[in-house]
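Take a look at the structure below.
Here is the naming used below: chain letters follow the sequence lines, and residue numbers restart at 1 for every chain.
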Amino acid sequence: MLNFSKKLIHWYLQNKRELPWRQTQDPYSIWLSEIILQQTRVEQGMPYYFSFVETYPDVKALAAAREDDVLKLWQGLGYYSRARNLHATAKKVAYDLNGVFPDTYKELKKLKGVGDYTASAIASICFNEATAVVDGNVYRVLSRIYGIDTPINSTPGAKEFKALAQELIDKKDPATFNQAIMEFGATQCKPKNPYCLHCPFSESCVAFQQGRIADLPVKKGKIKVRDRFFNYLIFITPKGETLIQQRKEKGIWRGLFDFPLLETEKDLQKEHFRESVNKLMILGKDKSVKFEALPVEEIILQQRAPIIHKLSHQKLHVKFWVIKLSEASGLQMIAYERLGDFAVPRVIDRFLEDFDFKDFLE
DNA sequence: AAGACGGGGTC
DNA sequence: GACCCAGTCTT
């Protein structure tokens, strides 16, 4: 289409939102915002952007942080590998690259957590390099306007859309073009109920003209969701201490903290709790003990029906069991008041919001 | 090429 | 319940 970029940029200049990261070309700010915005809506990411900029004003400040503190600030945003990669890349830039971000797509893409999209975004916005971004918005806009039904999550699809975007990009102003096409997808050419009636491209939009708006873009395969049953053990000593652990293994919530966990094949009933938990090893900081060796005084299940916590690939059935200990366990525990210092999964944060340890003390 | 990885919003 | 979000990394 002739003049696509001209019309698009015209639309953008009249309709764009004023967003904090649109007031700068500073690579640190742009990089930070792009990482936060991966698979994340602007409204959800915005508060995190503000708290990160305030807490870590530049890449050196972020590099000097402890990873646990970065994770704590990231708590609730999800996809926590982003936070770990963010910190690793900050250290790389601060200590190996003299505090200066790479200024080309090719070099940017070598950074941890920076893929094709993010490298293109930074290179274009900060350094005026004409490399096209292809995110979910771009897939939608281009598949509709050009009537392309190649699955967007396929290798041919990725190549085809990248090439088309690269062909369309305004070589003189790639920064504005890239942001314009994403903004257009986010606010006009939405997944559901797009504003086709006053769309500047409706006359030539293949999907609109052929009534295929709802069918594009095409995505292959559906993800299958696995059911898991989590039983969290909230230990409480007479001194008001509890036990937490950091999730080190691969899988969900890596790097975050949670309570000792008993995972079962199905929903665990109170009658079967003892037999199921007895052989469980409770991992302390320095040593570990079997559950059955602990001085358990009382077990109180916090809810009859499990809490359902949905992730993209898993459906979690979560129960919290309070385990009152009559004396110190021999394990190294923490005062419950300090729980707030640790990054925890949303489901635990939510539980803690209306749980009071004092109810179980004297 | 296919899965894994979070949490929240929309319809 | 299904789909999507300013995607990336691992298998």
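Asn178(A) comes within 4.0 angstrom of nothing in the nucleic acid, heavy atoms only. The residue Gly45(A) sits apart from the nucleic acid: no heavy atom pair falls under 4.0 Å. Ser154(A) comes within 4.0 angstrom of no nucleic acid atom, judged by non-hydrogen atoms across all strands. Counting any heavy atom pair closer than 4.0 Å across all strands shown, Arg84(A) reaches no nucleic acid atom. Looking at heavy-atom distances under 4.0 Å, Lys224(A) makes contact with sugar-phosphate atoms alone, never a base. At the heavy-atom level, Ile223(A) lies nowhere under 4.0 Å from the strands shown. Contact annotation for Trp74(A): no contact, since no heavy-atom pair falls under 4.0 Å across all strands. Using a 4.0 Å heavy-atom criterion, one finds that Arg140(A) contacts the sugar-phosphate atoms exclusively.
In the 5' to 3' direction, nucleotides of DNA chain C lying under 4.0 Å from heavy atoms of chain A begin and end at dG1(C) to dT11(C).
Residue Val70(A) comes nearest to Ala83(A) through the heavy atom pair CG1-O, 3.9 Å, listed as atom of the first residue, atom of the second, then distance. When all heavy atoms are compared, the tightest approach of His317(A) to Ile308(A) is ND1-CD1, 3.4 Å.
Summary of the strand contacts: Thr40(A) and Asn193(A) both lie near DNA chain B, and taking for each the nucleotide with the nearest heavy atom, the more 5' one is attributed to Thr40(A). Projected onto DNA chain C by closest heavy-atom contact, Lys222(A) and Gly185(A) fall at different nucleotides, the more 5' of which corresponds to Lys222(A). Nearer to the 5' terminus of DNA chain C, by closest-nucleotide assignment, is the contact made by Trp21(A) (compared with the other of Leu111(A) and Trp21(A)).
For an aromatic pair to be called close, the ring centres must be under 6.0 Å apart, and Phe355(A) with Phe320(A) fails this.
Taking atom C1' in both dG9(B) and dT8(C), the straight-line distance is 22 Å, to the nearest Å.
When atom types are taken as modelled, the side chain of Arg144(A) and the backbone of Ala207(A) share no donor-acceptor pair closer than 3.5 angstrom.
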